[in-house]
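Residue numbers begin at 1 in each chain, while the letters A, B, ... track the order of the sequences. What you are looking at is a predicted structure, and each value in this text was computed from that prediction instead of being measured.
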Amino acid sequence: MKDCILTFRSQTAASKATRYLKKTGVKVRVVSVDPSVTSKGCGWGVSFDCESADWIKNKLDARGISYGEILSGGI
Amino acid sequence: MIYFDNAATTWPKPRSVTEAVKRSLTVPFGNPGRGSHSAAAAASSAVYALREEAAELFGAEPQNVVLTSSATQGLNYAIKGAARKGCKILFSDLEHNSVRRPALALNDAGLCRTEVYGSYCGDTDKTVSDILEKIEPGNSVVIVNHSSNVCNVRLPVSEIGKICRKTGSVFIVDASQSAGHFNVDVEDMNISVLCMPGHKGLYGPMGTGLMVFSKSSSAGISEFGTLIEGGSGVDSEDRGMPYVLPERFEAGTVNAHGAAGLLAGIRWVKKLGTEKLREKERSLWLDLYHRLKGSNRIVVYGDGEPGAVFLFNIEGVSPSKVGRLLDENGICVRTGLHCSPLAHKTLGTGKDGAVRISFGFFNTLHETEEAADRILKIAKK
């Protein structure tokens, strides 16, 4: 299994996505992202199995939850 | 002891609230929003769950629920954050100092003008007409005390919200005494920002409060200035606070232990239902009123509207003396102006204010009977 991280601007936004995704049955968790990865420092992300990436993005799009980019290769 | 000061803070708290706070102080509970390790995650989870529960209760989105230390802090953020040079601030004649003082501070600093509109004992038409006369379209901040802390008059939030929407005014609601008692929906009522304490009708711990933004206010959050700046865990390299909720107004560590308790409090209120809480308070008010109404020395204020607050005076006895005598008999009430000099002036209680009995869900009819006996004895002396 390969980990991917979807970035979010804030911890609250990452929490919102995580709680929603957990309700759909997918295994995710909130993680910190290195400041160098984000444009303004202090990043947040949601980590998950890369194979679920498209499914997760579709779910978040449908729910209107905005996110940043996908970092493949895990934490 | 009989505790009749629930408008100041509810007591006792539901067992689930004390257990939640105790648990948060016992298990690993890190700093929410500042890390993703398991201890921080436990606290973050509780804080986000609080945002979700509050959002559901007040018709908002979870990220638009800001944690504050009190209603006063939230009201200061909202009023001073929304004020623009030359604006007009309108507030009612029932406002608490948590609204009156920040508004007057802006007036005294030469930033905004203030004007008071009437509550007219709950006469909606008169209040609406007064606001329409005083409001400046596109340049006003209107503040309303949803339910007073000294009488049971409720102001017409929905109607005022419609005026604010039509005139492009910022609408701030102080729900200090109504949150947990009455249904409040920020979207349905066109509320820009809703402020409340966590430790009153929501039965959480002291040191907690919430500020709830509507979707439209959230979208225009760059229009709201900040009062406190600091670490937010977001956009750390920027000079100012992030233009994102809730972090824009949450500089520094939030009271996560308090949040755990408030989460339990809101869940308790939801399970019980606001109607049941109101029914209990009305029955206590009516019982006390019927026991005291025979005395011609007792003056009850507030047009006989039953509810959570029972305000009275005994002719010839100062409110503070009544409070002392009741306290000597194990009955806790609050006397004076209750930080609401404007409301007392409106009600005509006099310079020493009045005696306030305020009910909570855990009060009983046996307690109102005992309090009435004591009050009647004081009135007979």
Side-chain angles (χ1 to χ4, degrees), chain A residues 1-50 52 56-57 59-75, chain B residues 30-56 60-67 210-213 215 218-219 221 230-251 253-254 256 259 263:
Chain A
M1 185 182 100
K2 188 180 168 189
D3 272 346
C4 278
I5 295 172
L6 197 55
T7 63
F8 290 85
R9 191 173 175 192
S10 70
Q11 197 258 0
T12 306
S15 293
K16 183 176 185 177
T18 302
R19 288 178 77 90
Y20 170 64
L21 291 169
K22 277 183 176 173
K23 281 179 191 168
T24 68
V26 68
K27 199 177 171 186
V28 290
R29 70 184 180 101
V30 176
V31 295
S32 298
V33 173
D34 289 336
S36 60
V37 174
T38 61
S39 58
K40 294 179 176 177
C42 276
W44 293 93
V46 171
S47 120
F48 53 89
D49 180 352
C50 286
S52 309
I56 282 175
K57 282 168 73 176
K59 279 282 178 192
L60 294 178
D61 287 339
R63 185 76 175 183
I65 298 174
S66 56
Y67 49 85
E69 57 185 317
I70 284 198
L71 309 175
S72 58
I75 307 164
Chain B
N31 191 330
R34 300 293 190 275
S36 61
H37 52 76
S38 57
S44 297
S45 177
V47 167
Y48 192 79
L50 168 60
R51 297 191 209 280
E52 277 189 326
E53 292 284 359
E56 189 183 78
E61 292 292 324
Q63 70 272 20
N64 294 341
V65 175
V66 174
L67 274 61
L210 299 171
M211 183 164 63
V212 182
F213 287 78
K215 280 180 193 165
S218 167
I221 201 62
S232 66
V234 179
D235 299 348
S236 290
E237 290 181 0
D238 283 0
R239 287 172 62 89
M241 293 301 286
Y243 292 110
V244 61
L245 286 174
E247 287 84 359
R248 182 164 179 76
F249 297 103
E250 288 183 354
T253 299
V254 298
L263 169 62

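Aromatic ring pairs are classed by plane angle as parallel below 30°, tilted from 30° to 60° and perpendicular above 60°; the pair Phe249(B) and Phe213(B) is parallel.
Atom OH of Tyr243(B) has 12 or fewer heavy atoms from other residues, nucleotides or ligands within 6.0 Å.
Looking only at heavy-atom pairs under 4.5 Å with chain A, the residue among Pro242(B), Ser44(B), Ser36(B) that has the most is Ser36(B). The choice from Ala49(B), Ala40(B), Ala41(B) that makes the most heavy-atom pairs within less than 4.5 Å of chain A is Ala49(B).
The main-chain N or O of Gly233(B) is found under 3.5 Å from a side-chain atom of Trp44(A) such that the two form a donor-acceptor pair. In this structure a side-chain-to-backbone donor-acceptor pair under 3.5 Å is present from Thr24(A) to Leu21(A).
Neither the backbone nor the side chain of Ser232(B) comes within contact range of chain A, judged by heavy atoms closer than 4.5 Å. Heavy atoms closer than 4.5 Å to chain A are found in both the backbone and the side chain of Gln63(B).
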